[in-house]
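Down below is the structure, laid out as structure tokens.
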Protein chains: 2
Amino acid sequence: MSTRKFCLAVLFCHDATGYEIRRIAGEGRFAFITEAGYGSIYPCLSKLESEGLVTVSEEFAPSKPPKKIYSITNIGKEAFVNELMELPAHDTFRSPFLLVSLFAQYLDADFIARAIDAREAYLRDKLSELRAQATECCNPASQWTMEYGITTLTASLEYLQKHRSRLEEIAREASSQPQAAE
Amino acid sequence: MSTRKFCLAVLFCHDATGYEIRRIAGEGRFAFITEAGYGSIYPCLSKLESEGLVTVSEEFAPSKPPKKIYSITNIGKEAFVNELMELPAHDTFRSPFLLVSLFAQYLDADFIARAIDAREAYLRDKLSELRAQATECCNPASQWTMEYGITTLTASLEYLQKHRSRLEEIAREASSQPQAAE
DNA sequence: GCTCACATGTAATAAGTTACATGATTTC
DNA sequence: GAAATCATGTAACTTATTACATGTGAGC
């Protein structure tokens, strides 16, 4: 149901094609909603249309692929707001990296260093993207939400930078001695 | 594949039944791995057994339901470590609450206040549970990982406490005036 | 000439969630 | 006596992911 809400959320703000909705997924103010691909978005838009929550208008530009521009209807807006008005489920936060860190002592030190590097780079990218979008944006609720994201990502990046050496050491120490299961 | 890794991770540390694995899901050092239910765990354990990564021993205590205690095999340990030794995928963080905050201006102020209250309570609970587990635990990698979680949850809770009034005001202001779409 | 961005979609597969089905023991 | 905890599992359903399939135009 999360792709559904995401599509409605985007269309609530402005008309868009499936392609555009896909591009927005996981970025800016939608960073923490979903990262749906085409395979979820296109079928979802068709379903929303059949339910009357959105309408489509096709645009045939000469010598360009035809576009389907989706708009949310009043019924769609109402449905969306109603769906939001239930106490939101709690966050799902899943981190394959934290599974790696949990078993750092059984993995090699080089690998751990590379995994940390990759994570640091990723967090930095996400952060700069979010910061850029946040300064551009003038809607107060969007700004509040993006600042929330910036705050938590910053905390995450700072922890990683401050404490990465400790994790790297755990991996180094373990690989230099015979290992025993915990 | 995440339930699979989670089961192997738990069994890497100690033997357990499906029921126990379920209880550990989403708690302590496994807080950020998965929150799988019985419906994922039991079939997963059967599959791991058929692959030879774990073994089962049944325990028939008189006047108690029979238990199936799973143990990881050497092949299982090896497979697990090998699966971890690929650069971890990036985190997935999905927050239904942040979708609500994004549209705060269209929702009623009371509802926003309740949603924030619920989130604050949830974060506080998660944090105290994690802190309790972190002090009990003496494995350095587990501790590093839990402190990571504590750091980000703390940042999240602090943001919410400091800035909740701004979000509440957005909802209040909007409901007192005629609304226009963004 | 090649690759990237634009643009839409389907089909097969994998995975997870929910509800169902059962039953003993312990705690209030 | 009721509710919660321990304990296992299946079946149906929903959802998301991946790969496939196709085609144009712009920039290098």
Side-chain angles (χ1 to χ4, degrees), chain A residues 1-8 10-11 15-27 30 32-51 54-70 83 86 89-94 96 99, chain B residues 1-8 10-11 15-27 30 32-51 54 56-70 83 86 89-94 96:
Chain A
M1 281 284 140
S2 145
T3 301
R4 175 193 169 87
K5 275 184 187 166
F6 167 62
C7 289
L8 288 173
V10 173
L11 295 174
D15 294 352
T17 65
Y19 187 80
E20 286 163 349
I21 292 174
R22 162 60 246 284
R23 287 214 55 191
I24 296 169
E27 288 195 348
F30 298 112
F32 308 110
I33 311 307
T34 187
E35 286 182 31
Y38 298 123
S40 331
I41 289 169
Y42 285 119
C44 184
L45 288 170
S46 304
K47 209 190 156 210
L48 289 173
E49 200 208 338
S50 73
E51 290 176 45
V54 304
T55 53
V56 201
S57 74
E58 269 175 274
E59 193 183 83
F60 300 97
S63 74
K64 272 199 176 177
K67 267 187 186 181
K68 283 190 176 183
I69 299 163
Y70 288 89
E83 279 176 41
E86 283 160 38
H90 63 251
D91 299 356
T92 46
F93 178 34
R94 286 177 198 181
L99 186 60
Chain B
M1 279 287 138
S2 146
T3 301
R4 178 194 167 89
K5 275 184 186 166
F6 168 63
C7 290
L8 289 173
V10 173
L11 296 173
D15 294 352
T17 65
Y19 187 79
E20 287 164 348
I21 292 174
R22 163 60 246 285
R23 287 215 56 192
I24 297 169
E27 288 195 347
F30 298 112
F32 309 110
I33 311 307
T34 187
E35 287 182 30
Y38 299 123
S40 332
I41 289 169
Y42 286 119
C44 184
L45 288 170
S46 304
K47 208 190 155 209
L48 288 172
E49 199 207 340
S50 73
E51 290 175 45
V54 304
V56 201
S57 74
E58 268 175 276
E59 193 184 83
F60 301 96
S63 73
K64 273 199 176 178
K67 267 187 188 180
K68 284 190 174 181
I69 299 162
Y70 288 90
E83 280 176 40
E86 283 160 37
H90 63 251
D91 298 356
T92 47
F93 178 33
R94 286 175 198 182

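Just so it is clear: chains get the letters A, B, ... in the order the sequence lines come, proteins before strands, and each one is counted from 1. Any value given below was found using the heavy atoms of this structure, including those in side chains, with hydrogens, waters and symmetry copies removed.
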- Whole angstrom is fine here: how far is it from CD1 in A:I41 over to C1' in D:dT15? 14 Å

- Task: Describe the nucleic acid contact of A:S46 in one word from base, sugar-phosphate, nothing, applying a heavy-atom distance below 4.0 Å.
- Result: nothing

- Message: Tell me whether the side-chain N/O atoms of A:T17 come closer than 4.0 Å to OP1 or OP2 in C:dC6.
- Response: no

- Task: For the helix from C:dG1-D:dC28 to C:dC28-D:dG1, measure the angle between the helix axis at one end and the axis at the other, each built from five pairs, rounding to 10°.
- Result: 40°

- In the 5'-to-3' direction, what one-character label does each nucleotide of nucleotides 12-22 of chain C receive under the scheme B = base within less than 4.0 Å of a protein heavy atom, S = sugar-phosphate only, - = no such atom? ---SSBB----

- Task: Under the ring pair (Phe, Tyr, Trp, His ring centres under 6.0 Å) rule, collect the residues that match up with B:F93, sequence neighbours excluded.
- Result: A:F32, A:F93

- Item | Interatomic distance where CZ belongs to A:R22 and C1' belongs to D:dA16 [whole Å] | 14 Å

- Check the distance between D:dT10's C1' and B:L45's CG and give it to me in whole angstrom. 15 Å

- Note on the structure: Those residues at least two apart in sequence (or on a different chain) that pass salt bridge (charged side-chain N to carboxylate O under 4.0 Å, His left out) with B:R4 are B:E51, B:E83

- Using modelled atom types only, decide if a donor and an acceptor are shared between the side chain of A:E27 and the backbone of A:I24 within a distance under 3.5 Å. no

- Item | Contact check, side chains of B:R94 and A:R94, non-hydrogen atoms, under 4.5 Å | no

- B:Y19 side-chain proximity, nearest of D:dC6, C:dG9, D:dG9: D:dC6

- Which residues pass the side-chain contact (heavy atoms from CB on, under 4.5 Å) test with B:I33, sequence neighbours left out? A:L99, B:F6, B:F30

- Measure the shortest side-chain to side-chain distance between A:T92 and B:T92 over non-hydrogen atoms and say whether it is less than 4.5 angstrom. no

- Message: Nearest whole Å is fine: how far is D:dC6 P from B:E58 CD?
- Response: 20 Å

- Message: Show the nearest heavy-atom pair for residues A:L48 and A:C7, with the distance to one decimal.
- Response: CD1-CB, 3.9 Å

- Item | For atom CZ of B:R23 and atom P of D:dA4, their distance in whole Å | 15 Å

- Note on the structure: Sequence neighbours excluded, the answer for side-chain contact (heavy atoms from CB on, under 4.5 Å) partners of B:Y38 is B:Y19, B:R22, B:Y42

- Query: For the pair made of CD in B:E20 and P in D:dC6, what is the distance, rounded to whole Å?
  - Reply: 9 Å

- Please report, rounded to the nearest Å, how far the P atom of C:dC6 is from the CD1 atom of A:I69. 15 Å

- Item | Heavy-atom side-chain proximity of A:T17 to A:K68 below 4.5 angstrom | no

- Task: Measure the distance from NZ on B:K67 to P on C:dA24 and round it to the nearest whole Å.
- Result: 18 Å

